[in-house]
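Predicted model only: the values in this text are computed from it and were never measured. The basis for the numbers below is simple: all heavy atoms, side chains too, and nothing from hydrogens, waters or symmetry mates. Atoms within a ligand are numbered from 1 in the order they appear, just like the ligands themselves.
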Amino acid sequence: MDILFENNTKDQIKEAADNNTLLLLPVGILEEHGPHLPVNTDNVIAYDLAIQAAKQIKDTIPVMVLPCVWAGYHGKELENLPGSVRVRPKTLFYYMYDICESLVRNGFRKIAIVNGHGQNPAILQFVSRCIANDYGVNILVTYPMGMIGKAGKQIKTSPEGGAGGHACEVETSLVLALREELVDMTKVPEGDRCQHRTKFFSGDLFPEHDVVNFGYFSTWAAQGSRSGVLGEPKYASVEKGEAFIKAMMQNYKELLTEYYYLMEQEVTDKG
Ligand SMILES: [Zn+2]
């Protein structure tokens with residue numbers, strides 16, 4: 001069995017489904033990531049890290065990685081920027097729902113989405129909820145940058161607002177560690193730290209101040225980015241990227257293992 005889903009034959013796929021294989025489904029978007037990162041950044045993060053996560057568990061859990069869903073959703077405020085290829089929220093919902101439904105019909109009952117893009121989560125969670133409702137299959141939705149966890153605070157060095165989550169210290173470090181040849185550090189912009197940092201909105205993946213998880217709206221405009229960046233990518237490095245990924249992979253290993261064995265018990269959705 002090849003770890004890449006698409007390299008297997010129909011008979012191997014059938015065997016994998018019969019063997020309770022866990023599927024990792026990467027999803028991202030094509031969108032601007034400042035002057036120094038490619039528009040494919042979120043897809044690179046989702047796909048490369050899904051493969052790394054699969055390698056963490058493959059000796060103990062049967063696992064395969066699907067091709068990356070490369071067009072996700074972002075708001076209208078970004079759609080006129082060069083490189084933006086977005087789909088409407090409902091389109092992403094139906095597209096992801098149909099992909100997951102096909103996989104369930106193929107006999108797979110353990111699916112973990114690895115999402116590289118910050119505006120996809122609510123839609124992906126809705127997909128998970130609907131598949132659970134219709135098929136009794138509970139899909140796990142994960143966000144690699146969120147999986148760094150508390151270690152991120154120790155690794156980052158930019159001032160508050162510098163790890164804003166978009167082409168920032170963290171995301172740039174990740175691409176440097178994954179595919180350094182795609183990053184042009186000579187073009188890194190400065191001075192686009194997230195401005196909107198309050199009790200309710202962190203403005204940083206690893207905030208120093210306490211944040212009440214109160215509500216949600218897109219703060220893109222409020223953050224006032226001039227360069228298409230939210231944060232301070234000048235603090236990025238290969239070493240930091242590797243440290244973020246190390247912390248992330250430890251959490252992925254634990255979460256995917258926990259999810260796999262929880263689903264082995266065929267937990268029914270009581271939602
Ligand atoms: Zn991104």
Side-chain angles (χ1 to χ4, degrees), residues 25-53 68-87 89 92 96 113-124 141-148 152 155-156 158 161-185 187-189 192-194 201-206 216 218-238 240-241 244-245 248:
L25 173 54
V27 52
I29 195 172
L30 289 179
E31 74 172 7
E32 74 80 26
H33 272 76
H36 65 296
L37 287 175
V39 294
N40 202 33
T41 289
D42 289 358
N43 296 325
V44 167
I45 287 173
Y47 186 68
D48 287 13
L49 294 174
I51 290 174
Q52 287 202 28
C68 186
V69 177
W70 57 266
Y73 162 75
H74 60 206
K76 291 251 172 193
E77 66 273 22
L78 283 156
E79 73 176 352
N80 292 325
L81 293 168
S84 171
V85 179
R86 49 91 77 171
V87 297
L92 181 63
M96 291 297 291
I113 292 173
V114 179
N115 167 48
H117 175 56
Q119 293 191 6
N120 286 339
I123 300 163
L124 300 175
V141 181
T142 71
Y143 182 50
M145 284 197 284
M147 292 293 285
I148 294 168
I155 300 165
K156 75 164 248 188
S158 63
H166 181 74
C168 64
E169 177 188 9
V170 181
E171 206 171 39
T172 304
S173 294
L174 292 178
V175 184
L176 278 171
L178 295 168
R179 304 201 206 179
E180 193 175 2
E181 71 280 7
L182 296 180
V183 187
D184 186 350
M185 289 300 283
K187 295 209 172 111
V188 159
D192 261 335
R193 278 198 287 151
C194 287
F201 297 95
S202 66
D204 197 294
L205 289 166
F206 311 111
Y216 168 80
S218 173
T219 56
W220 176 264
Q223 298 300 4
S225 176
R226 290 163 298 169
S227 63
V229 164
L230 292 179
E232 288 284 15
K234 73 173 179 180
Y235 291 88
S237 69
V238 174
K240 279 182 192 164
F244 288 132
I245 291 170
M248 188 194 295

Spacing of His117 atom NE2 and Thr41 atom OG1 [to the nearest 0.5 Å]: 12.0 Å
His33 near the Zn ion (ligand 1) via N/O/S, less than 2.8 Å: yes
Nearest-0.5 Å distance that lies between atom CG in Leu182 and atom NE2 in His36: 12.0 Å
Glu171: its N/O/S atom lying closest to the Zn ion (ligand 1) (atom name): OE2
Atom name of the N, O or S atom in Asp42 that lies nearest to the Zn ion (ligand 1): OD1
Derivation of the salt bridge (charged side-chain N to carboxylate O under 4.0 Å, His left out) call for Lys240 and Glu169: CA-CA 9 Å; Lys240 279 182 192 164; Glu169 177 188 9; 2.9 Å; yes
Counterpart residues, side-chain hydrogen bond (donor to acceptor under 3.5 Å, both in side chains), relative to Gln52 (two or more places apart): none
